[in-house]
Amino acid sequence: MTYNNKIINKAIDDGYEFIVLEPKEVFDSAVKEFRTDINRLVYDVELLLECLADNYDWDAIQTLEWFDYNVFDLTFMKGGPIFYDPHEKKYLTIDR
């Protein structure tokens, strides 16, 4: 079991309900952490985009468009994922 799978499984075992991106085989390596204060899984957006590019053989534009259209809005759902930008060193979808 990978470290990222352990993060997800521990949060589930602890009774949290949240959205996990599927297929897990593609997205699990982009899991950064689980935020217990907001009950949400955090994905490293850079790694997530790399996962898409590698698994589907997409270029940067295709990857970003697919992420924006199919994934990004999940952050606004109850239990939706949060996306972390390692370059900006900030969570993209948490209001502060």
Side-chain angles (χ1 to χ4, degrees):
M1 178 180 298
T2 67
Y3 172 75
N4 302 9
N5 278 329
K6 287 180 183 177
I7 291 172
I8 293 170
N9 289 339
K10 180 172 180 356
I12 291 169
D13 290 345
D14 290 345
Y16 294 103
E17 293 182 17
F18 53 95
I19 294 173
V20 178
L21 297 180
E22 295 282 347
K24 287 172 65 174
E25 309 80 52
V26 172
F27 297 113
D28 275 2
S29 62
V31 171
K32 176 180 171 30
E33 64 186 326
F34 184 79
R35 294 276 306 263
T36 57
D37 59 325
I38 55 175
N39 304 340
R40 297 170 89 171
L41 196 57
V42 178
Y43 288 88
D44 179 314
V45 74
E46 183 177 303
L47 292 176
L48 193 144
L49 294 173
E50 286 177 21
C51 291
L52 287 169
D54 292 346
N55 282 279
Y56 298 111
D57 198 29
W58 292 340
D59 63 34
I61 292 174
Q62 288 172 304
T63 301
L64 202 50
E65 286 178 347
W66 193 90
F67 170 77
D68 188 47
Y69 185 78
N70 293 289
V71 178
F72 189 76
D73 284 344
L74 293 174
T75 198
F76 302 107
M77 297 178 69
K78 181 181 179 186
I82 298 296
F83 303 106
Y84 179 81
D85 183 340
H87 295 290
E88 296 286 328
K89 294 184 172 59
K90 69 177 187 176
Y91 296 92
L92 299 178
T93 50
I94 297 178
D95 293 333
R96 292 275 181 220

request  = List in chain and number order the residues that pass salt bridge (charged side-chain N to carboxylate O under 4.0 Å, His left out) with Asp14, two or more places apart in sequence or in another chain; answer none if no residue qualifies.
outcome  =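 Testing Asp14 for salt bridge (charged side-chain N to carboxylate O under 4.0 Å, His left out), a comparison that skips the adjacent residues, returns Lys10.
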Which residues pass the side-chain contact (heavy atoms from CB on, under 4.5 Å) test with [X], not counting sequence neighbours?
X     : result
Ile19 : Met77, Pro81
Glu46 : Asp44, Glu50, Pro86, His87
Glu88 : Asp85, Lys90

query = Under 30°, 30 to 60°, or over 60°: which ring-plane class applies to Phe83 and Phe67, parallel, tilted or perpendicular?
reply =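 The arrangement is perpendicular - the two ring planes meet at more than 60°.
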query = In chain order, what residues pass the ring-ring contact (aromatic ring centres under 6.0 Å, His included) check against Tyr84, with sequence neighbours excluded?
reply =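 Tyr84 satisfies ring-ring contact (aromatic ring centres under 6.0 Å, His included) with Tyr91 only.
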inquiry  = I need the Asn4 CG to Tyr43 OH distance, nearest 0.5 Å.
reply    =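 One gets 9.0 Å once the value is rounded to the nearest 0.5 Å.
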task = To the nearest 0.5 angstrom, please state how far the CZ atom of Arg40 sits from the CG atom of Leu74.
result =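 Reported to 0.5 Å precision, the distance equals 10.0 Å.
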task = Please collect all side-chain hydrogen bond (donor to acceptor under 3.5 Å, both in side chains) contacts where either partner lies in residues 63-74, sequence neighbours excluded, each pair once.
result =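 Applying side-chain hydrogen bond (donor to acceptor under 3.5 Å, both in side chains) to every pair that reaches into residues 63-74, excluding sequence neighbours, yields nothing.
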key: Exercise: identify the closest heavy-atom pair between Ile7 and Glu33   =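 Result for this residue pair: CG2-C, 4.0 Å.
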I'd like a table of donor-acceptor pairs (distance under 3.5 Å, sequence neighbours excluded) in which one partner is a side-chain atom from residues 20-32, with atom names and distances.
unit_1 : atom_1 : unit_2 : atom_2 : d
Glu22  : OE1    : Lys24  : N      : 3.3

key: Check: Tyr16 and Leu41 side chains under 4.5 Å, non-hydrogen atoms   =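 Of all side-chain heavy-atom pairs linking Tyr16 with Leu41, none is under 4.5 Å.
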Which side-chain N or O atoms in residues 52-61 pair as donor and acceptor under 3.5 Å with protein atoms at least two apart or in another chain?
unit_1 : atom_1 : unit_2 : atom_2 : d
Asn55  : ND2    : Cys51  : O      : 2.8
Trp58  : NE1    : Tyr56  : O      : 3.4
Asp59  : OD1    : Ile61  : N      : 3.0
Asp59  : OD1    : Gln62  : N      : 2.8

